[in-house]
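Since the structure comes first, as structure tokens, the remarks are kept for the end.
Atoms considered below: every heavy atom in the structure, side chains included; atoms not considered: hydrogens, waters and symmetry mates. Residue numbers count from 1 along this sequence.
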Amino acid sequence: QVQLVESGGGLVQAGGSLRLSCAASGRTFSYGVMGWFRQAPGKEREFVAAINRSVGSTYYSDSVKGRFTISRDNAKNTVYLQMNSLKPEDTAVYYCAARSLGLLTSRAGNYDYWGQGTQVTISS
């Protein structure tokens with residue numbers, strides 16, 4: 001089992017920045033990819049970004065490409081999501097997820113472990 005705990009959410013104005021963190025514990029050697037998803041009220045969960053734990057390759061949704069950056073610190077078993085130029089439509093609960101295999105994917109069903117989420121609210 002892998003436990004994931006997100007932090008760093010909050011309320012910021014449009015154009016501002018936030019950095020989310022996701023700390024993994026437990027069988028941390030057992031995951032190959034970590035990703036971020038988000039879910040706004042009344043909407044389906046949406047892929048944001050993913051990173052391969054070993055080689056550091058990344059994958060972004062078109063809606064955040066160029067504004068968000070995913071990174072990892074393997075020594076701390078932590079993944080980060082730096083979010084810049086935030087927009088009101090970025091408002092959502094952001095979830096961290098991990099999957100055992102090392103292939104990057106945007107499909108939520110391919111992830112094995114999920115955190116509880118952290119709220120991000122962007123005011124206009």
### Task
Please test V12 against I122 for side-chain contact (heavy atoms from CB on, under 4.5 Å), starting from the C-alpha separation and ending with a verdict.
CA-CA 5 Å; V12 297; I122 312 302; 3.3 Å; yes
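- Nearest heavy-atom pair across A98 and M34 is CB-CG, 4.2 Å.
- Counting only heavy atoms from C-beta outward, the side chains of Y95 and L4 never approach each other to under 4.5 Å.
- In this structure, NZ on K87 lies 14.0 Å from OG on S124, to the nearest 0.5 angstrom.
- Side-chain contact between L104 and N52 is present, with heavy atoms from C-beta onward closer than 4.5 Å.
- The cluster map of Ile, Leu, Val, Met, Phe, Trp and Tyr, joined by side-chain heavy atoms under 4.5 Å apart, puts W114 and V93 in the same cluster.
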#### Entry: From CA spacing to verdict: side-chain contact (heavy atoms from CB on, under 4.5 Å), R38, L81
CA-CA 12 Å; R38 65 187 182 186; L81 186 68; over 6 Å; no
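- Residue T69 holds its OG1 atom at 11.5 Å from CZ of R19, rounded to the nearest 0.5 Å.
- Contact between T78 and S21 at its shortest, heavy atoms only, is CG2-CB, 4.3 Å.
- Ring geometry, F47 versus F37: the interplanar angle exceeds 60°, so the pair is classed perpendicular (tilted spans 30 to 60°).
- Just one residue in the list Q82, M83, K76 forms a side chain to side chain contact (heavy atoms under 4.5 Å, CB included) with Y80, and that residue is K76.
- Salt bridge present: K65 and D62 bring a charged side-chain N and a carboxylate O closer than 4.0 Å.
- For N110, the side chain to side chain donor-acceptor pair (under 3.5 Å) test picks out T105, with sequence neighbours left out.
- Between Y94 and F68, the ring-plane angle classifies as tilted under the 30° and 60° cut-offs.
- Residues satisfying the side chain to side chain donor-acceptor pair (under 3.5 Å) criterion with S61, sequence neighbours excluded, are S63.
- Side chains of E46 and E44 form no contact here, defined as non-hydrogen atoms less than 4.5 Å apart.
- In this structure, Y111 and V33 have side chains that are in contact, with non-hydrogen atoms separated by less than 4.5 Å.
- In this structure, the side chain of N77 does not engage the main chain of S25 through any donor-acceptor pair within 3.5 Å.
- S17 approaches S85 most closely through the heavy-atom pair OG-N, 4.4 Å.
- Checking side-chain atoms of T121 against main-chain N and O of T91 turns up no donor-acceptor pair under 3.5 Å.
- Each disulfide (SG to SG under 2.5 Å) pair with one or both residues in residues 22-87, not counting sequence neighbours, appears once here: C22-C96.
- For R72 (side chain) and S54 (main-chain N/O), a donor-acceptor pair under 3.5 Å exists by modelled atom type.
- Taking CZ of R67 as the reference point, atom CG of N84 lies at 9.0 Å (rounded to 0.5 Å).
- Under a cut-off of 6.0 angstrom, the local environment of CD in Q116 is sparse, with at most 12 non-hydrogen atoms contributed by other residues, nucleotides or ligands.
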